There are 2 protein chains.
Amino acid sequence: MSQVTASAKNSSGSKDTALESMYDDDSHPAVDVAALGEALLGRWADIRRTARELVGRDDIHRIEGQSVADHRKRVLGQLHYLVENKAVHRAFPESLGGNEDHGGNVAGFEELVVADPSLQIKSGVQWGLFGSAVMHLGTGEHHRKWLPGIMNMEIPGCFAMTETGHGSDVASVATTATYDPDTDEFIINTPFRAAWKEYIGNAALDGIAAVVFAQLITKGVNHGVHAFYVPLRDEANEFLPGIGGEDDGLKGGLNGIDNGRLHFSNVRVPRTNLLNRYGDVDEEGTYTSPIATPGRRFFTMLGTLVQGRVSLDGAAVAASKVGLKIAVQYASERRQFNASSDTTEEVILDYQRHQRRLLPRLATTYAAAFAHEELLQKFDDVFSGRHDSDEDREDLETLAAALKSLSTWHALDTLQASREACGGAGFMAENRLTSLRADLDVYATFEGDNTVLLQLVAKRLLADYAKEFKNVDFGIMARFVADQAADLTLHRTGLRRAVQTFADSGDERRSAVALRDEETQRSLLTDRVETMVADIAGELKPAARLSKTEAAKLVNSQQHELIETAVAHGELLQWEAFTTALHGISDPGTRQVLTWLRDLFGLCLIERNLAWYLMHGRLSNQRARTLGDYINRLLARLRPHALDLVDAFGYEQEHLRAPIASGDEAKRQQEAMEYLRAERASGHAAVDEKVLIERVKSAGKKISKKAARKRS
Amino acid sequence: MSQVTASAKNSSGSKDTALESMYDDDSHPAVDVAALGEALLGRWADIRRTARELVGRDDIHRIEGQSVADHRKRVLGQLHYLVENKAVHRAFPESLGGNEDHGGNVAGFEELVVADPSLQIKSGVQWGLFGSAVMHLGTGEHHRKWLPGIMNMEIPGCFAMTETGHGSDVASVATTATYDPDTDEFIINTPFRAAWKEYIGNAALDGIAAVVFAQLITKGVNHGVHAFYVPLRDEANEFLPGIGGEDDGLKGGLNGIDNGRLHFSNVRVPRTNLLNRYGDVDEEGTYTSPIATPGRRFFTMLGTLVQGRVSLDGAAVAASKVGLKIAVQYASERRQFNASSDTTEEVILDYQRHQRRLLPRLATTYAAAFAHEELLQKFDDVFSGRHDSDEDREDLETLAAALKSLSTWHALDTLQASREACGGAGFMAENRLTSLRADLDVYATFEGDNTVLLQLVAKRLLADYAKEFKNVDFGIMARFVADQAADLTLHRTGLRRAVQTFADSGDERRSAVALRDEETQRSLLTDRVETMVADIAGELKPAARLSKTEAAKLVNSQQHELIETAVAHGELLQWEAFTTALHGISDPGTRQVLTWLRDLFGLCLIERNLAWYLMHGRLSNQRARTLGDYINRLLARLRPHALDLVDAFGYEQEHLRAPIASGDEAKRQQEAMEYLRAERASGHAAVDEKVLIERVKSAGKKISKKAARKRS
């Protein structure tokens, strides 16, 4: 796209020239929207395109305002529609008609959020959780017996893991599965109310079977949480004997899904219903497992289900894109207040604060999008078996935990900012922002509460840190021990050098130049993560000598820092992914604009944690004070490209379905301006009282001047 | 309440002793919940008690999940119920059966949010906006003719101000009211689509009349926006000739209100339907006003409607209280993960991060509550006529704009944090957090978009600054001019001294002591506001010499800083109100705990803006580094009092209506713990595989030790 076209698209073309003068850079780059769009579509571009064609269809759109019952019915029907349209088989075995394409499957699946998050999540329950559990935790016979029915929706099913009493702490679920050698059966039992399965999708109405997670007990030994295939309902859709449940009823969002509770009173299933890939029980009740320790076995089993987090990350990014496209489109058309002219009002995206609200979130969305693409590739590498070492799986889980947490919170923040940026119009359900936000709310706490996930990330960082400093006495996960080594990390990252460079320059403009330097941003962001890890490791050093209770207390005293460290790590990963993607862009204009956007992302991260950089002597006060102004200049530079940047997301009217993003606002503004122009031209427009007063005043001045002249 | 009772209430008593040891203070204060509750109820305690009894009744509770049509019907019925229960007349003239009690009226009104925000806002439309406009903008005859019907709901009405094309910029509404001397009528007209009245409560269904804001034109002169009483619907509830409209349909919340659009095609109303208190037109069409300039007249008219903002501030505080009571109650019962014991899990409020999520928001809610009480008293002073100077009105408006912005955003943030802190349970509609949040969403942008309101606050700060420095050449509102005077402000607040004090002490513990000193907090917060104002004034100094366009551009370059300054000012006002209220508390234990809470509020403000304090040399790096730890210690100190602090809000089960705040969670935990205890005692509980492995290991060690001994 040429510069002229790009300009014309922005705010009806009137403000760009005014803004250009605010740049302190002479280049006038243009974004190649189509090429950027391709970069964003990533490795599975074709699958995404197919999925977007599908989610653009009326048949699978959400109808805002439907009753819970109707919405549930519609989404159930849409699952069948997906089957008919061959949209759900990509991950399953080739022998059963699937493609064994794990990355592609998630890429297509996460686009469903644009049609209706309920559809995305109900599909996720059926194929991503229930189906995946049978596939990854079960073995050949299970696959042959159940996967075809799961794939074609003959067996709508539940993933019954969470209990009322235990959510993120899956290892503590209280449902038991006790082996009875007399009948060769497992007895599934709910011992008390807190052990009811809770928030289970498909449980209230549609599920006829479930994968139930329970403590496997045989010969008096509890071998930890395992998964069991348990039929739930008969052909009349009534619960089978011993099974009961309740409807969760209305939720804050995702009301197209029939979440509910389940409980089991000594329900018997055949021994072979144990999904036995990672742990099996023979007829005598002897337990065997290819994985020796219960802890590792548990994490391996759960690890096979990481795709839930991967796809939530992608869906959160997609929803952020839709929100920003709507808000930026509206902000490029809407005019309000006339500060600089008597007749024409300002386009609201020209207001600095409006840019501050939307453009940093746009930058974060790009960062999250590129980071998601890396996560998806990592996921595909592991699940295709191409790179499937223990370390690969650990990396994947850490990455998924970090990115899912950041992107789901970011989506909520972005959808809310977008809604407020659209004022009252943003609050109308027809413009979708409130509804998307309501649906995505629970993404922050399901498939692992973000707060819990970030602690897992922090623990991994500490473990890596301990490994790196071999001279350190390092015990089990929770007992972090490490040498005080902040200086070491500094040298390691070469940060000292970067810091030095800053200290040398006293010139404000050169400060800004330094801050926008890629290596400087990388050094600052990396240094913060590493120093925080080292600091916490130092604080936790005494834990090894403490009792379990005292050690837990010490770890708790660092919990806030631990989570902040994990966030900083996740943000660094996003920054790195953005930077890597940037280097893959060949068009110079696009690369220039994306560089500004990446700088905006990096500098906003540094601004948010500026106190840290100051307190730790990484930035001088003087340099820190240039940051805000530099960010404001970046915003003004990016503003003419804002529409191109959201257009590159590739969502069309059939995906947005928001009247305020349809061009209606521009038409209304146009009509009003033409009316007022015609009025003024007609000569019979009413005169403003204000204008009259001004006239009287200036007439008065003339008279008194005359009088003064006469007197003199 | 004694310390013992207070402890027993927290987390079933088990964790307090452990936490006590984390305090660095030997005092064990207890909160007098009843007395603190009285302090929070404030001057209109009796009215609030009456209102809370009312809003506790089933009749006016929201039923979650009702269809839009049923919800609207229910809320309409509830308005009649309020009339029957004499809950709506307090502000109206005594001659018509009212009490002329403006503060009391708002105090009672804002409690309605606890029953259903739709009820609060629909009542606000009827009596607070439509009724108030007739009362404050109309005169005797208008009052006699329409107020009785408005008061008793015979005339459900609309407040038709906002248009599709103009929301916060009311002065620019495009609807016209042109005087026709031939018929002695005003002609109300909508010239184009953007001038349709939009988001108007009662417009879709119930409104039979409206106060319409339109540009008053007579004798070819436009005298600016005035209010007109316009009948809308006939007795069959059909639109009158020339009037049309649309239903806004589903919204992101507040669906008990029938918002809609209205348009007027040359609709004629008698000249005397002009609400003529601040501007009148005689039979010949001659315009007169007691207020000479159109600008001042406009602000005076709008100023009479400030109570909308006042009551949104109060309602936002009330909703935050409800959210926190639910989340803190649940967090005091819910247990998850067992870091410190093998059998008992931690109460989640004992986790540092959970404290960080909830307790600073609790502190802010207290600050906002006390600030709201001051706002309400100011409002009552002005509207009762006791203190009703121009300056009083200006102060009231600035205060209302600042506090409404802060508290409505705070409510959204708090309800979201509360919902996430309750995990999946927080997402269930029955626990009310998602629904309250959805309803309150639009509070941030209606009755003045927060972003716009904060700019008004900033302008006022700049104007005051200019007045104070008389030697300064100061023009009209938008043209800010001021001497560079950062140093002056420093001396004025005595901040230099405070800063000096810090610089002298190198001891970490003394640093924390200094930061919790009331005067230090005040100085830091005040200094920041004053310095920011002075800095912006300096930046805007050249505006006087610039063209209108260039001046607007310069002001826009400071827009972000302007808004941040207004936020800082509002937060300072909240801190001052909290501190004033604190000094009014006589019980030593309560005062101690509230002092910690106020410190938490103040120090979290300083922490959030720590970079500013560092960059401007107000805090040393060393001192700044003590802040995070000190906040963590405050959290641990406050944790045993958290339940008392939310109980003092005085909301009972009939107000909360959230199963997770009913004690059910504690009962479930109790049942589970008893079951597991009995199992362990029975001797036939399954043994953990992990435990077996440990046993084997230690047996192995013993054997090898024996072997070693034999060898040696």
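Predicted model only: the values in this text are computed from it and were never measured. A note on names: the letters A, B, ... follow the listed sequences, proteins ahead of strands, and every chain is numbered from 1.
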Interface moiety of B:R432 toward chain A, non-hydrogen atoms closer than 4.5 Å: neither

Among the listed options B:H684, B:Q336, B:H616, B:H223, the residue most often paired with chain A at heavy-atom distances under 4.5 Å: B:Q336

Donor-acceptor contact below 3.5 Å, side chain B:E679 vs main chain B:A685: no

Heavy-atom proximity to chain A below 4.5 Å, by part of B:A672: both

Audit row: B:T408, B:N450, side-chain hydrogen bond (donor to acceptor under 3.5 Å, both in side chains) steps and yes/no: CA-CA 8 Å; B:T408 52; B:N450 287 354; 2.9 Å; yes

Engaged part of B:L412 at the chain A interface, taking heavy atoms whose separation is under 4.5 Å: side chain

Side chain / backbone / both / neither for B:V691 at chain A, heavy atoms under 4.5 Å: neither

Structural part of B:L692 lying under 4.5 Å from a heavy atom of chain A: side chain

Contacting moiety of A:W409, where chain B heavy atoms sit under 4.5 Å: side chain

Within 6.0 Å of NZ in B:K690, more than 12 heavy atoms from elsewhere: no

Engaged part of B:S435 at the chain A interface, taking heavy atoms whose separation is under 4.5 Å: neither

Portion of B:V68 that has a non-hydrogen atom of chain A nearer than 4.5 angstrom: neither

Atom group of B:F337 that falls short of 4.5 Å from chain A, counting heavy atoms: both

Partner set under side chain to side chain donor-acceptor pair (under 3.5 Å) for B:D413, not counting sequence neighbours: B:R361

Segment of B:A425 engaging chain A (4.5 angstrom heavy-atom cut-off): both

A:Y199 versus chain B, the contacting section by heavy-atom distance below 4.5 Å: side chain

Among A:R668, A:Q559, A:E550, A:R608, residue most engaged with chain B (heavy-atom pairs, under 4.5 Å): A:Q559

Options A:N259, A:N222, A:N338, A:D449, ranked by heavy-atom pairs under 4.5 Å with chain B, top entry: A:N222

Derivation of the side-chain contact (heavy atoms from CB on, under 4.5 Å) call for B:Q622 and B:R625: CA-CA 5 Å; B:Q622 189 193 6; B:R625 291 175 78 156; 5.9 Å; no

side-chain hydrogen bond (donor to acceptor under 3.5 Å, both in side chains) between A:T164 and A:R193, intermediate numbers included: CA-CA 8 Å; A:T164 305; A:R193 175 61 187 83; 3.0 Å; yes

Interface moiety of B:T451 toward chain A, non-hydrogen atoms closer than 4.5 Å: side chain

Side-chain donor-acceptor contact under 3.5 Å, A:H166 with B:E345: yes

